[in-house]
Chemist: 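Shown below is the structure under consideration.
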Amino acid sequence: MITVPLEIVTPERMVLAMDVRMVTLQGGYGELGILPRHMALATAVKPCLVRIKLEDGREDVVPVSGGFVEVLPDKITLLADTAELPADIDPARAQLAKERAEKRLAQSGEGAEAERARAALVRANLRLEAIAEHQRLNGFLTATPARA
């Protein structure tokens, strides 16, 4: 099987750089499954768990809060607003963030503050979901892997 280099980058840092067999994410028009030699495209990425599959069949997830992906036949670059490896997520802090967002949402009504609270709630839920999925899959992402 062949692989393709994947980079997940935020404004702060390179979150992940490794060769993968497949990437699945929520694009602007629905779910995208990206394999090596995929046709070139660029699209928005909705908040989601990015699913990563390695050549040996192992899988894991990375929560992203949105961004853009550029797909070339020989490279995938995801420019994410925020992203983190599941092993780096503190479950207690993620749960507190969810509770704060729910409280803010209940108090905010409508408008910009409500939108910010909804976005925070989505991020918190994705982080909690990533922890659970990482454990379910016996995920391999424990630290940013070095590229070979």
Side-chain angles (χ1 to χ4, degrees), residues 3-36 38-54 57-72 75-147:
T3 60
V4 61
L6 166 67
E7 291 183 350
I8 299 177
V9 183
T10 68
E12 291 81 31
R13 66 186 178 104
M14 172 80 70
V15 175
L16 181 71
M18 66 185 315
D19 292 336
V20 301
R21 176 72 185 118
M22 182 175 186
V23 175
T24 306
L25 54 82
Q26 289 296 319
Y29 295 102
E31 187 172 77
L32 292 173
I34 305 165
L35 295 167
H38 193 286
M39 67 178 269
L41 71 90
T43 188
V45 175
K46 293 182 178 180
C48 66
L49 292 182
V50 175
R51 295 193 170 277
I52 299 166
K53 188 170 190 175
L54 296 183
R58 291 182 297 159
E59 293 183 48
D60 211 338
V61 295
V62 176
V64 300
S65 63
F68 292 91
V69 66
E70 177 189 48
V71 178
L72 300 173
K75 186 175 183 182
I76 304 167
T77 305
L78 174 57
L79 305 173
D81 298 331
T82 63
E84 59 191 315
L85 300 179
D88 294 337
I89 300 171
D90 179 341
R93 287 187 62 218
Q95 183 62 41
L96 284 173
K98 177 182 178 180
E99 292 166 6
R100 279 193 312 270
E102 288 172 337
K103 185 176 178 180
R104 282 180 35 216
L105 187 58
Q107 295 171 346
S108 64
E110 292 299 318
E113 182 59 31
E115 286 302 314
R116 283 191 292 274
R118 274 192 278 281
L121 184 57
V122 167
R123 280 191 308 274
N125 282 330
L126 280 172
R127 293 175 79 222
L128 290 168
E129 188 179 342
I131 293 167
E133 191 68 359
H134 173 75
Q135 291 171 346
R136 186 187 74 77
L137 293 169
N138 194 20
F140 59 87
L141 293 175
T142 57
T144 303
R147 287 183 63 111

Chemist: Salt-bridged, K75 to E7, with N to O below 4.0 Å?
Modeler: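 A salt bridge is present here (some side-chain N lies under 4.0 Å from a carboxylate O).
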Chemist: Quick check for you: to the nearest 0.5 Å, what is the distance between H38 atom NE2 and L72 atom CG?
Modeler: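 Going from NE2 on H38 over to CG on L72, the span is 11.5 Å.
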Chemist: Is any side-chain heavy atom of V4 closer than 4.5 Å to a side-chain heavy atom of L6?
Modeler: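 Side-chain contact under 4.5 Å: no.
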Chemist: As an exercise, state the distance from CG of D90 to CD1 of I131, rounded to the nearest 0.5 Å.
Modeler: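 Spacing of CG (D90) from CD1 (I131) equals 7.5 Å.
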Chemist: Might you point out which heavy atoms bring A117 and A101 nearest each other, and give the distance in Å?
Modeler: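 Where A117 meets A101 most closely, the heavy atoms are O-CB, 3.9 Å.
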Chemist: Can you give me the closest heavy-atom contact between T10 and A83, atom names plus distance?
Modeler: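 Answer, listing the atom of T10 first, then A83: CG2-N, 3.5 Å.
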Chemist: Are D81 and V64 side-chain neighbours, meaning at least one heavy-atom pair lies under 4.5 Å?
Modeler: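 Result no, sub-4.5 Å side-chain heavy-atom pair not found.
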Chemist: Just how far is it from atom NZ of K103 to atom CG of L121, taken to the nearest 0.5 Å?
Modeler: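 The NZ atom of K103 sits 15.0 Å away from the CG atom of L121.
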Chemist: Let me confirm one number: the NE2-CD1 distance from H134 to I89, rounded to the nearest 0.5 Å.
Modeler: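 So the gap between those two atoms works out to 9.0 Å.
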Chemist: Is the shortest side-chain heavy-atom distance between V61 and R51 below 4.5 Å?
Modeler: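 Yes; the side chains approach each other to less than 4.5 Å.
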Chemist: Is any side-chain heavy atom of V69 closer than 4.5 Å to one of T43?
Modeler: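 A side-chain contact under 4.5 Å exists here.
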Chemist: Do L78 and V23 have side chains that get closer than 4.5 Å, going by heavy atoms?
Modeler: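 They are not in contact (no side-chain heavy atoms under 4.5 Å apart), so the answer is no.
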Chemist: Would you indicate whether the side-chain heavy atoms of E133 and E59 approach each other to under 4.5 Å?
Modeler: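 They are not in contact (no side-chain heavy atoms under 4.5 Å apart), so the answer is no.
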Chemist: If every non-hydrogen atom of V20 is compared with every non-hydrogen atom of P36, which pair is closest and at what distance?
Modeler: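 Smallest interatomic distance, heavy atoms only, reads O-CG, 4.4 Å.
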Chemist: Which atom pair, heavy atoms only, marks the closest approach of V62 to E84?
Modeler: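 Shortest heavy-atom contact: CG1-O, 3.5 Å.
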Chemist: What distance separates I34 CD1 from L25 CG, expressed to the nearest 0.5 Å?
Modeler: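 Nearest 0.5 Å value for the CD1-CG distance: 4.5 Å.
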Chemist: Rounded to the nearest 0.5 Å, how far does CG of L105 lie from CD of E115?
Modeler: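 CG of L105 is found 9.0 Å from CD of E115.
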Chemist: Can you tell if the side chain of L54 reaches within under 4.5 Å of the side chain of M18, non-hydrogen atoms only?
Modeler: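 Side chain of L54 against side chain of M18, heavy atoms only: contact under 4.5 Å found.
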Chemist: I need the minimum non-hydrogen distance between S65 and P47, along with the two atoms involved.
Modeler: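 Looking at all heavy atoms of both residues, the closest pair is O-CG, 3.5 Å.
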Chemist: Closest heavy-atom contact between K98 and L128?
Modeler: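 Shortest heavy-atom separation between K98 and L128 comes out as CD-CD1, 3.7 Å.
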Chemist: Looking at R118, I'd like to know if its CZ atom is crowded, meaning that more than 12 non-hydrogen atoms belonging to other residues, nucleotides or ligands lie closer than 6.0 Å.
Modeler: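 It does: R118 CZ has more than 12 such atoms within range.
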Chemist: With a 4.5 Å cut-off on side-chain heavy atoms, are Q107 and E113 touching?
Modeler: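 A side-chain contact under 4.5 Å is absent here.
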